[in-house]
Enquirer: 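Dropping a structure here in structure tokens format, bear with me for questions.
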Amino acid sequence: MFNSIPLLTILALLPLLGALVLLFTRGHVGKLIGLGCALTTAVVGVLVFTLSRSTMLAESAPWIRPIGAYYALEISGMSGILVLLTVILVPAVFIAEWNVGDRPDARWSTTSFFAMALAMQGLALYVFMAADVLLFYIAFEATLIPMYFMIAGWGGVRRNAAAMKFLLYSLAGGLVMLVAVAGLYAVGAEQGNVSFLIDDLAALDMSGTVGRWLFAGFFFAFAVKAPLVGLHTWLPDTAEQATPGASTLLVGVLDKIGTFGMIKICLLVFPEASAWATPVVLVWAIVSVIYGAFMAMASQDLMRFVSYTSVSHFGFMVFGIFAMTTQSLSGSIFYMLNHGLSSAALFLVVGFLVHRRGTADVGAFGGVQKLAPVLAGFLLVSGLATLSLPGFGSFVGEFFTMAGAWQRYPIHTAVITIGMVLSAVYVLGMYQRTMTGPVTAPVAERVFWDLNVREKAAVAPLIILMLAFGFLPAPLLGVADETSDAVMSSSGLTDPAPLLEEGN
């Protein structure tokens with residue numbers, strides 16, 4: 001029934017068309033249209049995800065024949081999970097940022113913000129569903145445009161510098177990837193298979209020096225996105241200056257393109273180079289986890305605090321990806337989903353907190369839970385999800401990642417667990433400094449008010465989903481297993497034998 005309907009194209013074009021409409025719409029009507037478009041996209045996204053469980057959803061048509069480029073989309077496994085995350089987060093952001101254009105320093109209206117967010121969403125959906133590397137690259141680069149304007153148009157006093165830093169880092173990664181994309185064409189032509197389809201590229205012989213250089217080009221671009229330590233400095237600056245909603249979409253959606261690409265392209269197309277780079281990548285991921293944790297502990301700005309927690313958590317995801325076991329890969333994919341939800345909840349609640357106080361300085365708070373108990377409760381629950389407390393989906397993702405990695409790299413896994421301990425320290429430390437103790441005079445003077453209905457409506461669904469995925473993870477873990485099994489099979493890898501024989 002649905003095979004003749006281009007559902008994937010409809011899903012990706014819906015928000016893009018909505019963005020176009022909003023460019024010519026203003027006021028409250030424009031905001032309602034934007035929210036309606038986001039909710040419609042969410043409904044279609046859930047429908048597509050559900051249908052993909054029982055039927056193969058794929059679209060393909062020749063695009064640029066001389067170079068073997070196709071307009072090719074597909075959804076299965078990991079791509080379905082990230083499509084689901086993308087369509088969930090945008091409506092939550094719209095509800096949370098309903099009056100973002102009313103701020104004194106906003107350059108444009110709320111409707112324009114919604115338009116940029118919808119454009120980013122549509123392009124991100126193309127990235128997650130692309131089955132052609134050239135289409136993937138074009139959408140990958142195009143996502144930068146609306147995000148740049150979301151930062152520069154509605155951010156803080158240093159928003160221009162932050163937006164430019166974000167753009168320069170991302171363009172540098174994209175430029176290196178472009179060279180690698182051209183290299184793929186050359187290798188395909190040399191081996192008699194000129195095609196940018198990912199499945200065709202995975203069938204090529206990418207071993208040896210050339211394959212390793214091409215792998216390095218893609219991995220560099222994805223490591224900037226992820227972001228791994230050393231290539232991460234744009235993220236804290238951007239998160240500090242961007243609105244909470246923009247930061248939510250940046251970390252929750254766009255940065256997931258980095259870890260998505262590591263699996264979709266690096267592991268599938270360059271299995272030999274991925275194995276060659278693994279020792280370095282694992283150590284790099286461990287350093288990211290521990291560095292991000294210590295920087296979160298030291299952060300005096302709440303928005304930078306949340307960004308550094310994400311640097312640490314992305315290290316866990318990358319570690320699980322390059323541990324290369326079925327369980328660690330599935331854990332990382334499930335972690336992507338749940339980190340997207342927990343980081344979104346944390347960014348939005350912290351944004352509500354900062355809006356009330358007028359500053360993001362941790363030292364400017366104290367005793368807030370006495371004046372705004374619901375806000376404090378939402379912050380605590382979001383923080384507990386961030387530190388992967390049992391009962392939340394992030395715990396399941398982190399546990400599977402570590403359990404799978406232990407099979408192949410027990411020493412590395414033992415070291416990276418330091419980051420799990422530190423996460424409890426920085427989350428609970430932040431909560432204690434801002435929410436507990438006596439009400440400080442500056443906080444009392446601001447006459448803190450609790451979350452209103454709209455703000456609760458933005459965050460509550462995210463918390464419900466985090467708990468639902470924590471108590472009932474099996475369905476989505478099964479979806480993640482599809483990608484993990486495909487990667488292990490394509491790479492010729494098998495899971496290590498148990499460290500202890502049964503009965504011993």
Side-chain angles (χ1 to χ4, degrees), residues 19 82 86 89 113 116-128 130 133-156 158-182 214-243 245-266 284 288 292 303-304 306-308 310-311 313-315 317-318 336 339-340 343 347:
L82 291 177
T86 303
L89 290 187
F113 181 89
M116 293 298 106
L118 287 172
M120 186 283 303
Q121 181 186 40
L123 294 168
L125 289 171
Y126 265 114
V127 172
F128 292 136
V133 167
L134 187 61
L135 179 63
F136 172 93
Y137 171 77
I138 291 172
F140 174 93
E141 289 289 80
T143 58
L144 305 181
I145 300 171
M147 182 52 67
Y148 171 85
F149 285 110
M150 289 176 73
I151 299 165
W154 293 269
R158 296 191 300 277
R159 57 192 172 191
N160 289 334
M164 185 57 65
K165 189 172 185 178
F166 157 77
L167 190 63
L168 290 176
Y169 268 77
S170 300
L171 286 176
L175 181 61
V176 174
M177 188 198 292
L178 178 60
V179 175
V181 170
L214 296 179
F215 162 86
F218 281 102
F219 183 81
F220 176 80
F222 298 143
V224 171
K225 279 284 189 190
L228 288 174
V229 67
L231 302 174
H232 74 287
T233 58
W234 62 270
L235 179 56
D237 290 347
T238 302
E240 181 182 14
Q241 295 302 311
T243 69
S247 296
T248 294
L249 296 179
L250 177 62
V251 174
V253 177
L254 291 193
D255 285 358
K256 297 300 183 298
I257 294 174
T259 46
F260 172 82
M262 289 178 189
I263 297 175
K264 183 75 173 181
I265 295 179
C266 291
W284 197 355
S288 287
M303 301 302 286
R304 294 181 75 89
V306 182
S307 71
Y308 277 119
S310 294
V311 171
H313 291 301
F314 272 105
M317 295 175 217
V318 175
M336 291 181 211
H339 173 265
S343 64
F347 266 124

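Numbers here simply count residues along the sequence, with the first being 1.
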Enquirer: Please check if the side chain of S288 supplies one atom and the backbone of V229 the other of a donor-acceptor pair under 3.5 Å.
Expert: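 Indeed, once roles are kept as given, a pair shorter than 3.5 Å links the two residues.
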
Enquirer: Side chains of K225 and T143: does their closest heavy-atom pair fall under 4.5 Å?
Expert: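 Sidechains of T143 and K225: in contact.
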
Enquirer: Flag the pair T259 / F222 as yes when at least one side-chain heavy-atom distance between them is below 4.5 Å, and no otherwise.
Expert: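 Answer no - side chains too far apart.
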
Enquirer: Please lay out, stage by stage, how S170 and Y148 fare under the test side-chain hydrogen bond (donor to acceptor under 3.5 Å, both in side chains).
Expert: CA-CA 10 Å; S170 300; Y148 171 85; over 6 Å; no

Enquirer: Verify side chain to side chain contact (heavy atoms under 4.5 Å, CB included) between H232 and Y308, making sure each step is shown before the conclusion.
Expert: CA-CA 9 Å; H232 74 287; Y308 277 119; 4.1 Å; yes

Enquirer: Under the side-chain contact (heavy atoms from CB on, under 4.5 Å) test, which residues partner A139, sequence neighbours left out?
Expert: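 In terms of side-chain contact (heavy atoms from CB on, under 4.5 Å), with neighbours along the sequence ignored, A139 is linked to Y126, V127.
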
Enquirer: Per the salt bridge (charged side-chain N to carboxylate O under 4.0 Å, His left out) rule, what does the pair list look like for residues 141-156, sequence neighbours excluded?
Expert: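 Of all non-adjacent pairs touching residues 141-156, none passes salt bridge (charged side-chain N to carboxylate O under 4.0 Å, His left out).
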
Enquirer: Whether the side chain of W234 engages the backbone of L167 through a donor-acceptor N/O pair (distance < 3.5 Å, no angle test) should be reported.
Expert: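 It does not hold such a pair.
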
Enquirer: I138: what forms a side-chain contact (heavy atoms from CB on, under 4.5 Å) with it, not counting sequence neighbours?
Expert: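 side-chain contact (heavy atoms from CB on, under 4.5 Å) check on I138 returns W63, L134.
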
Enquirer: Can you name the nearest heavy-atom pair linking M262 to A226, along with the distance?
Expert: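 Looks like CE-CB, 4.1 Å.
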
Enquirer: Taking all non-hydrogen atoms of both residues into account, name the closest pair between S247 and M303 and its distance.
Expert: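 For S247 and M303, the tightest heavy-atom pair comes out as OG-CE, 4.3 Å.
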
Enquirer: Mind checking the CD1-CD spacing from I151 to Q241? Nearest 0.5 Å is all I need.
Expert: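 Result: 10.0 Å between the selected atoms.
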
Enquirer: Rounded to the nearest 0.5 Å, what separates atom OG1 in T248 from atom CG in L254?
Expert: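 It comes to 11.5 Å.
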
Enquirer: Compare all side-chain heavy atoms of V318 with those of W284 and state whether any distance is below 4.5 angstrom.
Expert: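 Answer no - side chains too far apart.
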
Enquirer: Quick one: side chain to side chain donor-acceptor pair (under 3.5 Å) partners of R304, sequence neighbours excluded?
Expert: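 Listed in chain order: D237, E240.
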
Enquirer: Any chance you could measure F113, atom CZ, to L118, atom CG, to the nearest 0.5 Å?
Expert: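 It is 10.5 Å, given to the nearest 0.5 Å.
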
Enquirer: Test your reading of the model: is there a side-chain donor-acceptor pair from W154 to the backbone of A242, 3.5 Å cut-off?
Expert: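 Checked: no pair found.
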
Enquirer: Do F219 and I265 touch side chain to side chain, with heavy atoms closer than 4.5 Å?
Expert: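 They are not in contact (no side-chain heavy atoms under 4.5 Å apart), so the answer is no.
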
Enquirer: Tell me every residue that passes side chain to side chain donor-acceptor pair (under 3.5 Å) with S310, counting only those two or more places apart in sequence or in another chain.
Expert: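 Expected list: H339.
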
Enquirer: Listed by chain and number, what are the side chain to side chain donor-acceptor pair (under 3.5 Å) partners of K264, not counting sequence neighbours?
Expert: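 Checked K264 against side chain to side chain donor-acceptor pair (under 3.5 Å); matches are E74.
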
Enquirer: Taking all atoms of both residues into account, what is the closest heavy-atom pair of S307 and P236, and its distance?
Expert: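 Heavy-atom minimum between the residues: OG-CA, 3.3 Å.
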
Enquirer: Under the side chain to side chain contact (heavy atoms under 4.5 Å, CB included) rule, what do F136 and V181 come out as? Steps first, then yes or no, please.
Expert: CA-CA 10 Å; F136 172 93; V181 170; over 6 Å; no

Enquirer: Is the number of heavy atoms from other residues, nucleotides or ligands under 6.0 Å of F149 CZ greater than 12?
Expert: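 No, CZ of F149 has 12 or fewer neighbouring heavy atoms, counting only those of other groups under 6.0 Å.
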
Enquirer: Hey, what do you get for CD1 (I145) to CG (L123), rounding to the nearest 0.5 Å?
Expert: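 If we round to the nearest 0.5 Å, I145:CD1 and L123:CG are 8.0 Å apart.
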
Enquirer: Taking the six-membered ring for Trp, are F128 and F260 closer than 6.0 Å centroid to centroid?
Expert: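 Between F128 and F260, the centre distance is under 6.0 Å.
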
Enquirer: To the nearest 0.5 Å, how far apart are CZ in F347 and OG1 in T243?
Expert: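 That separation rounds to 10.0 Å.
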
Enquirer: Looking at side-chain heavy atoms only, is the closest gap between L235 and Y169 below 4.5 Å?
Expert: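 They are not in side-chain contact.
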
Enquirer: Please examine the side chains of M147 and L249, heavy atoms only from C-beta on, and report whether any two atoms are closer than 4.5 Å.
Expert: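 With C-beta onward as the side chain, the pair touches.
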
Enquirer: Kindly indicate whether the side chain of K165, heavy atoms from C-beta on, has any atom under 4.5 Å from the side chain of T238.
Expert: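 Result no, sub-4.5 Å side-chain heavy-atom pair not found.
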
Enquirer: Could you tell me whether the side chain of F314 reaches within less than 4.5 Å of the side chain of V251, counting heavy atoms only?
Expert: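 They are in contact (side-chain heavy atoms under 4.5 Å apart), so the answer is yes.
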
Enquirer: Would you check, one step at a time, whether the test side chain to side chain contact (heavy atoms under 4.5 Å, CB included) holds for Q121 with V253?
Expert: CA-CA 8 Å; Q121 181 186 40; V253 177; over 6 Å; no

